[in-house]
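A, B, ... follow the sequence lines: proteins, then strands. Residue 1 opens every chain. Keep in mind the model is a prediction, meaning the values are calculated, not measured.
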Amino acid sequence: MSRYNARATEKKWQSVWTENRSFATTEDRSKPKYYVLEMFPYPSGRIHMGHVRNYTMGDVVARFRRAQGYNVLHPMGWDAFGMPAENAAFENKTHPATWTYQNIDNMRRQLQELGFALDWEREFATCDPTYYAHEQAMFIDFLEAGLVYRKEASVNWDPVDMTVLANEQVIDGRGWRSGALVERRKLSQWFLKITDYAEDLLTALGDLDRWPQKVRLMQENWIGRSEGLRLFFDLQNAPAGYDKLEIYTTRPDTIFGASFCAIAADHPLAQSLAANDPTLQAFIEECRVTGTSEEALEKAEKKGYRLTVDAVHPFDPSWKVPVFVANFVLMDYGTGAIFGCPAHDQRDLDFARKYDLSVIPVVVPDGEDAATFQVGNTAFVEPGKLANSRFLDGLTVEAGKADVAARAEAGGFGERTVNFRLRDWGGSRQRYWGCPIPVIHCEACGIVPVPKADLPVKLPDDVTFDKPGNPLDHHPTWKHVNCPTCGKPARRETDTFDTFIDSSWYFARFCSPTAATPFDREAVDYWLPVDQYIGGVEHAILHLLYSRFFTRAMRKIDLLGIDEPFAGLFTQGMVCHETYRAESGEYLLPEQVERIGEGQWHHADTGQPVTVGRSEKMSKSKKNVVDPTNIIDTYGADTARWFVLSDSPPERDFEWTAQGVEGAWRFSQRLWRLVTGLTEHAGAINQPANQSAPETIGDDALALRRATHKAIAAVTRAIEDFHFNRAVALIHEYVNSLNDFKPTGSADSGFAVREGLEALVIMVNPMMPHLAEELWHGLGHVTLANDSPWPKAEVALLVDDSVTIAVQVQGKLRDTITVAKDMDQKDLEALALGLEKIQRTLEGRAVRKVIVVPNRIVNIVV
RNA sequence: GCCCGGGUGGCGGAAUUGGUAGACGCGCCGGACUCAAAAUCCGGUGGUAGCGAUAUCGUGUCGGUUCGAGUCCGACCCCGGGCACCA
């Protein structure tokens, strides 16, 4: 029998789809709409297996929903601004635009080879001025709507290269190219007011019932709502204007355990005192050496500097606590100042032990004696009863919080506050390859937005990357413009947008990608929200939160009428592969090694032994990558698609193995042989005899029909639930039943086979669309599998007459019996007790109880 | 450091609401076909003991709840993702 030739066949059907414009979005409003979107790729140069996995899942959903009768939108585009293009420009002397558009061409071709049902007519790249012009217009509207403002913020500064570094470019506190110690530096930047929506972004998570619970939890914690108290401490010995210190606490109940106050290095009080205190100045400088990432700040050794200032306890004028500048207090959170209660906060405790401050337990665990309870090196953070706290003694933590807050408010030295961990979104980047921020700085008029008629502010092409820093700053003419308001010479903003801004509204642009405005209102009203969004879990917080905010911001300027961009979200796991190392220690590509036995590998050319490392995320540095193009050339796109859907549950990491691809390839061949082999028994199509089940049907044909309809029901459910690996297993099982079926040549047999084959081909279609088209064609159809409706399961064929029931003694399986479904419980019990194996196990012991779970289990308790 | 997730045979994994642990695939073993190989087809395959019927252990570790726990509860160990300028 001939083999299925994937390469030729895939090309053929791809041409047919293109000619038919099979995936162009229809504007058929009579059908329910379904918008499926995968996170668009950064055009790094080549598609990697992570993309293949992501876009295959999206493609399954798109084709499945289309078959179910939905009007499907499934677009693709490019998240095309970003650092790698500038790095390439620096390293290879190619212009970022040239590099990016070449990469896009390559990657588009790779995606098309995979046969994805994408509407390429809607493609765009975020670096196209036709895209970012609208982003600039929206920014100006946001500015007018009060959604953006300027503020000083810290950046990583490389003092040798004289440039701002991304956190990723800071390695062990040093610049990645210069090796110089990085310092934090303040810069005036644009901020988007995401905190205006903190409460809303938090509460709306509750309605996102088609989002993974873990993503909602991560966002909830990221937003970090806390109810606390702003509390004022009088200061002694403080400089003029600093007679009060405002702190924020979520534990006002522990106020009598206070043993110090601490302020951030950036706090105005610290800055003021540093003017006359060189040691303090040096300490603040030292705090600045830490990077800006939260991880770097948190992991840094907790250090403090004792100020000459004291704070007066708000409930006792005679009680004074020392005030420190501490590197673990963040200016961005709360008020940039805290009071420390070492007994009930681990960080405060570590700090107190280091600087020899008192540790007064004021919360005592239930059942402990307040007089003797002590805290060692672990802070007590559980609930308990308040003690050593004067008027609070005996209260619970909660009651204590309320009491302190009430007294502070009544006394005018405190105020209840809701605080968020979420900070405003810094949107400025000191880089070339991003969307220019459309404002002009004028000495006379201040900040002037570029008039909308002058948009887009395009990036200049003639830039150089020979010196570090922002090429827009170095450009001889670009930034020199006249003020649109007063006409005098002014300076164009040379910062560009954070690329997260580009990706915060692209899903809306896809609804009407050529609109003269960001998007047509009618189009977004119809298509949004995205019904199913799919992407990596690494985007669980930032990208998804920014997009949720941006949608609200766009609503505020009346561009659309919804709050939530993504009704359904699925986050997929990474693609991993074993790592291989030669004796020299260098990493080897999977194609450079050869398996010579169980766990034994050697170098394919030299025969040198190779050590195999554990499976890790595919990465260029570890060389554990497999190029999708090689796989498509060897096995075809369908094999690659089928394999990435098999085995691993989509939300978990996927392990790429050579044997796995082989297995997938063998299955495609097996399917080909099965269907082509059975086709002659299946009878011709479009004959009245084949349109409904024959009135009399033999046992074998009936059994096959049951298997068919069970498979339809189970596969449909599995795809709906994103259990693609289960769908694959179910199709395997069903193929096994079809394989075992012996056609008799009678009408009922022929009907069952044809019904089964057609259902099988359509069920396989979302996953292996080229093979499905070929098989569909082979079955005699002139229409496309792609245009065929999803099969429907007949409910009557889904239930069995008999069930197998487990019989347990003391919860341990001892036997099984097959009985009629829904058998009477008493009869079942008697039957189970009468089983020989059960009698042997019981050894005459008296039965105390029998638990019967209908159609499932009988458990005998002795 | 903080937040989130995961851990089941040799491997990837399956297992409605707590109800037959190991579906399906890979690998391996045996057989058929073949001059031979590849491909394909058939059978077997969690560990231990046993010729076998069978017994017993077994879902990261320890403990608990229950007639019954991979699933629920508590403590711990290991691996992965995110931490605001990577995308």
Engineer: Quick one: A:F420 CZ to B:C3 P, roughly how many Å, whole number?
Structural biologist: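 So the CZ-P distance, A:F420 to B:C3, works out to 19 Å.
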Engineer: Under 3.5 Å, which donor-acceptor pairs link side chains of residues 649-657 of chain A to any protein atom two or more places apart or in another chain?
Structural biologist:
| residue | atom | partner | partner atom | Å |
| --- | --- | --- | --- | --- |
| A:D653 | OD1 | A:M574 | N | 2.9 |
| A:T657 | OG1 | A:G660 | N | 3.0 |

Engineer: By nearest atom, which of the nucleotides B:C26, B:G12, B:G5 is closest to the A:L217 side chain?
Structural biologist: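 Within the option list, the nearest is B:G5.
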Engineer: B:C4, B:C24, B:G19: which one has an atom nearest the side-chain heavy atoms of A:H732?
Structural biologist: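 So the nucleotide nearest the side chain must be B:C24.
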Engineer: Categorize A:Q808 for me: base, sugar-phosphate, or nothing, with a 4.0 angstrom heavy-atom threshold over every strand shown.
Structural biologist: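 It contacts base atoms.
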Engineer: Would you indicate, yes or no, if B:A15 has its OP1 or OP2 atom less than 4.0 angstrom from a side-chain nitrogen or oxygen of A:R726?
Structural biologist: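 Indeed, a polar side-chain atom of A:R726 lies that close.
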Engineer: Should the ring pair A:W672 and A:Y4 be called parallel, tilted or perpendicular, given that the plane angle runs from 0 to 90° and is split at 30 and 60?
Structural biologist: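 Taking A:Y4 first and then A:W672, their aromatic rings sit tilted (interplane angle of 30° to 60°).
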Engineer: How far does the P atom of B:C51 sit from the matching atom of B:C41, given to the nearest Å?
Structural biologist: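 One P to the other, the span is 36 Å.
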Engineer: For A:R840, is there an ion pair with A:D815 - N to carboxylate O distance below 4.0 angstrom?
Structural biologist: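 Looking at A:R840 together with A:D815, the answer is no, because their closest N to O distance does not fall below 4.0 Å.
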Engineer: Using the C1' atom as the reference point in each nucleotide, state the distance between B:U54 and B:U59 in Å, no decimals.
Structural biologist: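 Pairwise C1' distance, B:U54 against B:U59, rounds to 24 Å.
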Engineer: For B:G30, does the O4'-C1'-N9-C4 (purine) or O4'-C1'-N1-C2 (pyrimidine) torsion place it in syn, i.e. within 90° of 0, or in anti?
Structural biologist: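 Base orientation: anti.
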Engineer: Would you say A:R856 places a side-chain N or O within less than 4.0 Å of OP1 or OP2 belonging to B:U17?
Structural biologist: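 Checking A:R856 against B:U17: no side-chain N or O falls below 4.0 Å of OP1 or OP2.
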Engineer: I'd like to know if the side chain of A:R673 pairs up with that of A:N739 as donor and acceptor (distance under 3.5 Å, no hydrogens or angles considered).
Structural biologist: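 No, A:N739 and A:R673 have no side-chain donor paired with an acceptor closer than 3.5 Å.
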Engineer: If we take the C1' atom in both B:G25 and B:A14, what is their distance in whole Å?
Structural biologist: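 The answer is 11 Å between these two C1' atoms.
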Engineer: Within the 3.5 Å criterion, strictly below it, is a donor on A:Q669 or A:R666 matched to an acceptor on the partner's side chain?
Structural biologist: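 Note: A:Q669 and A:R666 side chains miss the donor-acceptor criterion.
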Engineer: Would you check if the side chain of A:N624 reaches a backbone N or O of A:S619 as a donor-acceptor pair within less than 3.5 Å?
Structural biologist: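 Yes.
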Engineer: Starting from the 5' end of RNA chain B, give me the residue, A:G660 or A:N739, whose nearest nucleotide shows up first.
Structural biologist: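 Mapping each residue to its closest nucleotide by heavy atoms, the 5'-most match is A:G660.
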Engineer: Given the C1' atoms of B:C72 and B:G81, what is the spacing between them in whole Å?
Structural biologist: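 Per the computed distance, 26 Å lies between those C1' atoms.
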Engineer: Quick one: is A:R614 getting a side-chain N or O under 4.0 Å of the B:G80 phosphate, OP1 or OP2?
Structural biologist: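 Checking B:G80 against A:R614, a side-chain N or O does come within under 4.0 Å of OP1 or OP2.
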Engineer: Expressed as a whole number of Å, how far does the P atom of B:C79 sit from that of B:C29?
Structural biologist: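 B:C79 and B:C29 have their P atoms separated by 33 Å.
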Engineer: Using atom C1' in both nucleotides, what's the gap between B:C42 and B:G52 to the nearest angstrom?
Structural biologist: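 One C1' to the other, the span is 25 Å.
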Engineer: Can you figure out which of B:A23, B:U20, B:G12 approaches the side chain of A:A729 most closely?
Structural biologist: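 So the nucleotide nearest the side chain must be B:A23.
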Engineer: In whole angstrom, what separates A:N725's CG from B:A14's P?
Structural biologist: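 Rounding to the nearest Å, CG of A:N725 and P of B:A14 are 5 Å apart.
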Engineer: Grab the CD-C1' distance between A:E720 and B:U16 for me, whole Å please.
Structural biologist: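 Rounded to whole Å, this separation is 16 Å.
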Engineer: So, OP1 or OP2 of B:G27: does either fall under 4.0 Å of a side-chain N or O from A:R666?
Structural biologist: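 Answer is yes, contact under 4.0 Å.
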Engineer: Is a side-chain donor-acceptor pair under 3.5 Å present for A:D79 with A:S503?
Structural biologist: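 No pair is found: no donor N or O on one side chain lies under 3.5 Å from an acceptor on the other.
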Engineer: Can you tell me the pairing partner of B:C2 across any strand shown, Watson-Crick or G-U wobble, with both distances under 3.5 angstrom?
Structural biologist: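 Because both required distances fall under 3.5 Å, B:C2 counts as paired with B:G82.
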Engineer: Which value, in whole Å, describes the distance between the P atoms of nucleotides B:U65 and B:C28?
Structural biologist: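 It comes out at 46 Å once rounded to the nearest Å.
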Engineer: Would you tell me if any nitrogen or oxygen in the side chain of A:N221 comes within less than 4.0 Å of OP1 or OP2 on B:C2?
Structural biologist: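 Answer no for this pair, as no side-chain N or O of A:N221 is under 4.0 Å from OP1 or OP2.
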Engineer: In whole angstrom, what separates A:F654's CZ from B:G5's C1'?
Structural biologist: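 From A:F654 CZ to B:G5 C1': 20 Å.
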Engineer: Return the nucleotide paired to B:C28: Watson-Crick means purine N1 to pyrimidine N3 with N6-O4 or O6-N4, wobble means G-U with N1-O2 and O6-N3, both under 3.5 Å.
Structural biologist: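 Result: B:G44.
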Engineer: Is the centre of the A:W505 ring less than 6.0 Å from the centre of the A:Y131 ring?
Structural biologist: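 For A:W505 and A:Y131, the ring centres are under 6.0 Å apart.
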Engineer: Give the rounded distance in Å between these two atoms: CD1 of A:I223 and P of B:C4.
Structural biologist: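 Taking atom P of B:C4 as the reference, CD1 of A:I223 is at 14 Å.
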Engineer: Is A:S44 touching bases, backbone alone, or none of the nucleic acid, heavy atoms closer than 4.0 Å?
Structural biologist: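 No contact at all - A:S44 keeps every heavy atom at 4.0 Å or more from the nucleic acid.
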Engineer: Just say parallel, tilted or perpendicular for the rings of A:Y580 and A:H577, cut-offs at 30° and 60°.
Structural biologist: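 Aromatic pair A:Y580/A:H577 classed perpendicular.
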Engineer: Check the pair A:S178, A:D161 against side-chain hydrogen bond (donor to acceptor under 3.5 Å, both in side chains), reporting the backbone distance first and the verdict last.
Structural biologist: CA-CA 6 Å; A:S178 71; A:D161 275 354; 4.6 Å; no
Engineer: Need the pair for B:G70. Rule: Watson-Crick or G-U wobble, both distances under 3.5 Å, any strand; none if unpaired.
Structural biologist: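 Pairing partner: none.
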Engineer: Whole-Å distance between B:C4 C1' and A:M574 CE?
Structural biologist: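 Taking atom C1' of B:C4 as the reference, CE of A:M574 is at 14 Å.
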Engineer: With rounding to the nearest 0.5 angstrom, report the CZ to CH2 distance, A:F667 to A:W642.
Structural biologist: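 So the CZ of A:F667 and the CH2 of A:W642 are separated by 4.5 Å.
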Engineer: Separation of A:I857 atom CD1 from B:U66 atom P, in whole Å?
Structural biologist: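 Nearest whole value for this atom pair: 18 Å.
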Engineer: Without decimals, in angstroms, what is the distance between A:L544 CG and B:G81 C1'?
Structural biologist: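 The distance from CG of A:L544 to C1' of B:G81 comes to 14 Å, rounded to the nearest Å.
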Engineer: Provide the Watson-Crick or G-U wobble partner of B:A49, both distances under 3.5 Å; none if there is no partner.
Structural biologist: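 Pairing partner, where one exists within any strand: B:U54.
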Engineer: Can you spot which of A:W433, A:Y42, A:Y432 makes a ring-ring contact (aromatic ring centres under 6.0 Å, His included) with A:F81?
Structural biologist: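 So, applying the ring-ring contact (aromatic ring centres under 6.0 Å, His included) to A:F81 and each of A:W433, A:Y42, A:Y432, only A:W433 qualifies.
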Engineer: In Watson-Crick or G-U wobble terms, both distances under 3.5 Å, what is the partner of B:A21?
Structural biologist: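 B:A21 is paired with nothing.
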Engineer: Take atom C1' in B:G22 and the same atom in B:C76, then report the distance between them in whole Å.
Structural biologist: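 Approximately 27 Å lies between the C1' atom of B:G22 and that of B:C76.
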Engineer: Using a 4.0 Å cut-off on protein heavy atoms (strictly under), produce a 5'-to-3' string for nucleotides 82-87 of chain B with B for base contact, S for backbone-only sugar-phosphate contact, and - for none.
Structural biologist: SBBBSB
Engineer: Could you let me know what B:A75 is paired to, Watson-Crick or G-U wobble, both distances under 3.5 Å, or none if it's on its own?
Structural biologist: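 Pairing partner: B:U61.
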Engineer: Please tabulate, one pair per line, each protein N/O and nucleotide N/O from nucleotides 46-57 of chain B that are separated by under 3.5 Å, including the distance.
Structural biologist:
| residue | atom | partner | partner atom | Å |
| --- | --- | --- | --- | --- |
| B:U54 | OP1 | A:K837 | NZ | 3.4 |
| B:A55 | OP1 | A:R814 | NH1 | 3.4 |
| B:U56 | OP2 | A:R814 | NH1 | 3.2 |
| B:C57 | OP2 | A:K812 | NZ | 3.2 |

